[in-house]
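One-based numbering, in listed order, for ligands and for the atoms of each. When reading the values below, keep in mind they use all heavy atoms of this one structure, side chains included, and skip hydrogens, waters and symmetry mates.
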Amino acid sequence: MKLLVTGGAGFIGANFIHYYLKNHSEDSIINLDKLTYAGNLANLEAIKDNPNYTFIKGDICDRRIVDSAMNDVDVVVHFAAESHVDRSIIDASPFIHTNVVGTHTLLESALKNNIKRFHHISTDEVFGSLELNSTEKFNESTGYDPRSPYAASKAASDHLVRAYNITYGLPTTISNCSNNFGPFHFPEKLIPLAITNILEGKKVPVYGDGKNVRDWLYVEDHCRAIDLILQKGTIGETYFVGSSDPEINNLELVRKILKLMGKSESEIEFVKDRPGHDRRYAIDWSKIKTELGWEPKHNLDSALEETIEWFKNNEDWWQKIKSGEYQRYYEKQYYS
Ligand code: NAD
Ligand code: DAU
């Protein structure tokens with residue numbers, strides 16, 4: 001089987017390519033990635049010479065490149081996106097372009113190329129914000145309620161994918177997953193930012209009162225869920241993917257990371273809150289468990305320890321990122 005993975009040089013896409021090639025040595029992958037600030041070929045260094053892997057540098061909004069990349073492909077796994085909420089607040093334009101126009105371009109090309117499965121990677125953020133201290137969780141029947149430009153652009157892409165299934169019969173599936181963490185996580189997101197700031201002797205910025213709750217899933221568990229959906233998922237269906245850990249707010253999470261790294265809470269710096277900051281996310285993933293037999297294999301504590309070790313052992317990887325364009329973003333986001 002031949003897969004086209006979009007956004008495979010980013011955090012989750014790269015983890016997925018490693019996971020998939022390890023578990024399906026008979027299949028081949030084409031990775032189409034524009035290499036934005038978040039795309040990094042170093043994430044794929046270990047498999048770059050694998051005969052079952054091909055890289056194409058290109059934009060998912062470019063129909064000509066997309067058509068040629070999709071030629072003879074069986075399955076599309078669509079990760080490519082602008083993915084960082086804070087950047088979408090600074091400038092929403094690239095989010096609309098890549099997440100909406102790019103997804104539409106892929107869907108059109110998938111129809112033309114008779115793609116057997118188009119799997120769209122989405123997020124829990126499209127369902128809005130839950131109350132703190134409630135026990136409510138998002139499930140596959142929850143209505144869409146995106147509240148940031150990023151979430152709105154991802155919601156639009158989900159709707160387009162569904163519309164192409166219902167209207168044109170394109171064989172699609174969608175997964176909406178909670179916050180991932182693990183190797184190759186770009187250090188502008190909370191967990192890798194906290195770990196690398198601590199390693200650099202810098203403070204860890206916590207937005208607002210730090211009571212916002214996220215559902216943290218180790219990235220390998222997400223990759224396994226996607227693989228299962230590709231093998232056993234029902235066409236036209238959506239699957240929610242989330243963790244089995246007790247809820248934890250950002251402040252508790254940062255305290256945990258500081259403790260694991262032998263530092264005190266004095267390293268926390270409370271900074272201005274994110275505008276429209278969603279208070280709480282929680283995922284009911286019983287459908288994928290019942291129908292496909294998926295559940296997370298990793299828990300937060302041990303996976304965090306592994307992730308901290310990974311960042312300690314791959315200083316070169318994140319140092320290069322933190323010294324480049326990202327440095328300008330950091331100054332603007334936290335100190336302007
Ligand atoms: P990322 O920002 O780390 O990577 C995105 C990748 O897409 C990069 O390699 C980038 O170069 C590429 N890309 C961006 N615009 C492109 C374009 N126009 N054409 C081709 N390639 C382009 O993102 P991530 O965290 O790996 O997220 C991957 C997907 O998973 C996204 O769709 C995101 O919405 C979704 N998601 C992420 C999380 C999370 O916690 N990170 C959770 C749930 C869902
Ligand atoms: O929920 C899934 C989503 O998770 C994905 O769709 C997004 O692509 C991904 O980026 C992530 O979004 P978040 O906004 O939840 O992740 P982030 O790591 O940016 O922030 C996590 C929480 O930590 C959030 O409540 C904001 C807070 N935060 C973040 C940063 C960067 C801080 O308190 N301080 C910070 O410096």
Side-chain angles (χ1 to χ4, degrees), residues 5-16 31-41 43-44 56-62 65-66 69 77-89 94-95 97-99 101-103 105-106 120-127 129 138 146 148 150-151 153-154 157-158 175-182 184-194 197 203-217 219 222 226 240-242 249-251 253-254 268-274 277-283 329-330 333-334:
V5 169
T6 69
F11 161 48
I12 308 177
N15 275 284
F16 177 77
N31 173 17
L32 173 64
D33 197 298
K34 187 181 173 183
L35 298 183
T36 66
Y37 78 94
N40 187 351
L41 288 179
N43 300 355
L44 297 154
I56 300 174
K57 183 176 186 304
D59 190 331
I60 58 165
C61 302
D62 182 333
I65 288 177
V66 166
V77 189
H78 174 32
F79 293 92
E82 288 292 339
S83 72
H84 188 33
V85 176
D86 293 322
R87 287 187 190 248
S88 83
I89 295 167
F95 289 73
H97 198 58
T98 286
N99 300 359
V101 178
T103 301
T105 308
L106 290 167
H120 176 60
I121 308 296
S122 194
T123 167
D124 57 0
E125 301 220 3
V126 296
F127 302 104
S129 182
F138 299 134
S148 71
Y150 162 69
S153 67
K154 288 297 290 187
S157 66
D158 290 16
S175 49
N176 293 84
C177 187
S178 60
N179 287 62
N180 286 213
F181 68 101
F184 306 119
H185 203 178
F186 195 87
E188 67 185 358
K189 310 282 176 81
L190 180 62
I191 289 182
L193 179 66
N197 271 17
K203 301 258 184 206
V204 180
V206 170
Y207 293 167
D209 61 9
K211 292 199 176 134
N212 303 66
V213 171
R214 295 291 181 269
D215 177 291
W216 294 100
L217 182 73
V219 63
H222 185 190
I226 297 164
F240 276 29
V241 182
N249 68 36
N250 295 337
L251 191 53
L253 176 72
V254 168
I268 294 171
E269 181 182 28
F270 287 94
V271 298
K272 68 176 186 298
D273 208 354
R274 171 184 284 175
H277 195 174
D278 288 342
R279 213 42 170 154
R280 173 175 165 265
Y281 303 148
I283 302 277
Y329 162 80
Y330 193 85
Q333 172 68 8
Y334 294 98

Close side-chain approach of V77 to I121, heavy-atom, < 4.5 Å: yes

Ligand 2 atoms in contact with Y281 (distance to a heavy atom under 4.0 Å): 1 (O)

Closest to atom 13 (P) of ligand 2 (judged by heavy-atom distance), picking from R279, H84, E125: E125

H185, portion touching ligand 1 at heavy-atom distance under 4.0 Å: neither

Ring centres under 6.0 angstrom apart (F138, F240): no

Where ligand 1 meets L35 - atom numbers and elements under 4.0 angstrom, heavy-atom basis: 11 (O)

Per-atom contacts of ligand 1 with G58, taking only distances under 4.0 Å to non-hydrogen atoms: 19 (N), 20 (C)

Pick from C61, G242, C177, A14: the one approaching atom 43 (C) of ligand 1 most closely through a non-hydrogen atom: C177

Among N212, V213, N179, T123, the one residue meeting side chain to side chain contact (heavy atoms under 4.5 Å, CB included) with Y281: N179

N179 N/O to ligand 1 N/O under 3.5 Å: no

Distance-only N or O hit between ligand 2 and S178, under 3.5 Å: no

For Y150, atoms of ligand 2 separated by under 4.0 Å from a heavy atom: 5 (C), 6 (O), 7 (C), 8 (O)

Ligand 1 N/O within reach of F79 N/O, cut-off under 3.5 Å: yes

Numbering as shown, the atoms of ligand 1 that approach T36 to under 4.0 Å (heavy-atom distance): 10 (C), 11 (O), 14 (C), 15 (N)

I65, D59, T6, N43: member with heavy atom nearest to atom 18 (N) of ligand 1: D59

Atom 8 (O) of ligand 2 - nearest protein heavy atom and its distance: S83 O, 2.7 Å

Ligand 1 atoms in contact with I121 (distance to a heavy atom under 4.0 Å): 30 (O), 32 (O), 35 (C)

Polar side chain donor-acceptor pair, Y329 to H84, under 3.5 angstrom: yes

Donor + acceptor pair across side chains of H120, T103 (<3.5 Å): no

Proximal atoms of ligand 1 relative to S122 (non-hydrogen, under 4.0 Å): 43 (C), 44 (C)

Short N or O distance, D33 and ligand 1, threshold 3.5 Å exclusive: yes

Structural part of L190 in contact with ligand 2, heavy atom criterion under 4.0 angstrom: both

Heteroatom distance test (F11, ligand 1): nitrogen or oxygen, under 3.5 angstrom: yes

Test: R214 cationic atom under 6.0 Å from F181 six-membered ring centre, within 45° of axis: no

E188 neighbourhood, listing ligand 2 atoms whose heavy-atom distance to it stays under 4.0 Å: 31 (C)

Atoms of ligand 2 close to V206 [distance to a heavy atom under 4.0 angstrom, numbered from 1]: 33 (O)

Contact check: G10 vs ligand 1, nitrogen or oxygen atoms, below 3.5 angstrom: yes

Among S83, S153, S157, closest by any non-hydrogen atom to atom 1 (P) of ligand 1: S83

Proximity flag G8 to ligand 1, non-hydrogen atoms under 4.0 Å: no

Mode of R274 contact toward ligand 2 - side chain, backbone, both, neither (heavy atoms, under 4.0 Å): side chain

Backbone or side-chain N or O of W216 under 3.5 Å from ligand 2 N or O: no

N/O separation below 3.5 Å, H78 to ligand 1: no

Those atoms of ligand 1 less than 4.0 Å from some heavy atom in A9: 9 (O)

Ligand 1 N/O within reach of T123 N/O, cut-off under 3.5 Å: no

Sidechain-backbone polar pair: N197 side chain, K203 backbone, donor-acceptor under 3.5 Å: yes

Interfacing atoms of ligand 2 (cut-off 4.0 Å, heavy-atom, H277): 24 (C), 25 (O), 26 (C)

Within-cut-off N or O pair, H222 and ligand 1, under 3.5 Å: no

Pairwise side-chain contact, D33 with F79, heavy-atom cut-off 4.5 Å (strictly under): no

For T123, atoms of ligand 2 separated by under 4.0 Å from a heavy atom: 1 (O), 2 (C), 3 (C), 5 (C), 6 (O)

Student check: side-chain heavy atoms of R87 and F95 closer than 4.5 Å: yes

Flag for E82-Y150: side-chain donor and acceptor within less than 3.5 Å: no

4.5 Å side-chain heavy-atom contact, C61 and H97: yes

Within reach of ligand 2, part of N179 (heavy-atom separation under 4.0 Å): both

V271 contact mode with ligand 2 (heavy-atom cut-off under 4.0 Å): neither

Ligand-residue contact atoms, ligand 2 with L193, heavy atoms, under 4.0 Å: 36 (O)

Y37-ligand 1 polar pair, N/O distance under 3.5 Å: no

Per-atom contacts, ligand 2 versus Y334 - under 4.0 Å to a heavy atom: 30 (C), 31 (C), 35 (C), 36 (O)

Whether P94 lies under 4.0 Å from ligand 1, heavy atom: no

Donor-acceptor pair between H185 and N180 side chains, under 3.5 angstrom: no

Nitrogen or oxygen of T98 less than 3.5 angstrom from that of ligand 1: yes

Contacting atoms of ligand 1, where contact means under 4.0 angstrom from a heavy atom of Y150: 33 (C), 34 (O)

Atom 33 (O) of ligand 2: nearest protein contact (heavy atom, Å): Y207 N, 2.8 Å

Pairing of D209 and R279 as salt bridge, 4.0 angstrom limit: yes

No-hydrogen, no-angle side-chain donor-acceptor test under 3.5 Å, Y334 and E269: no

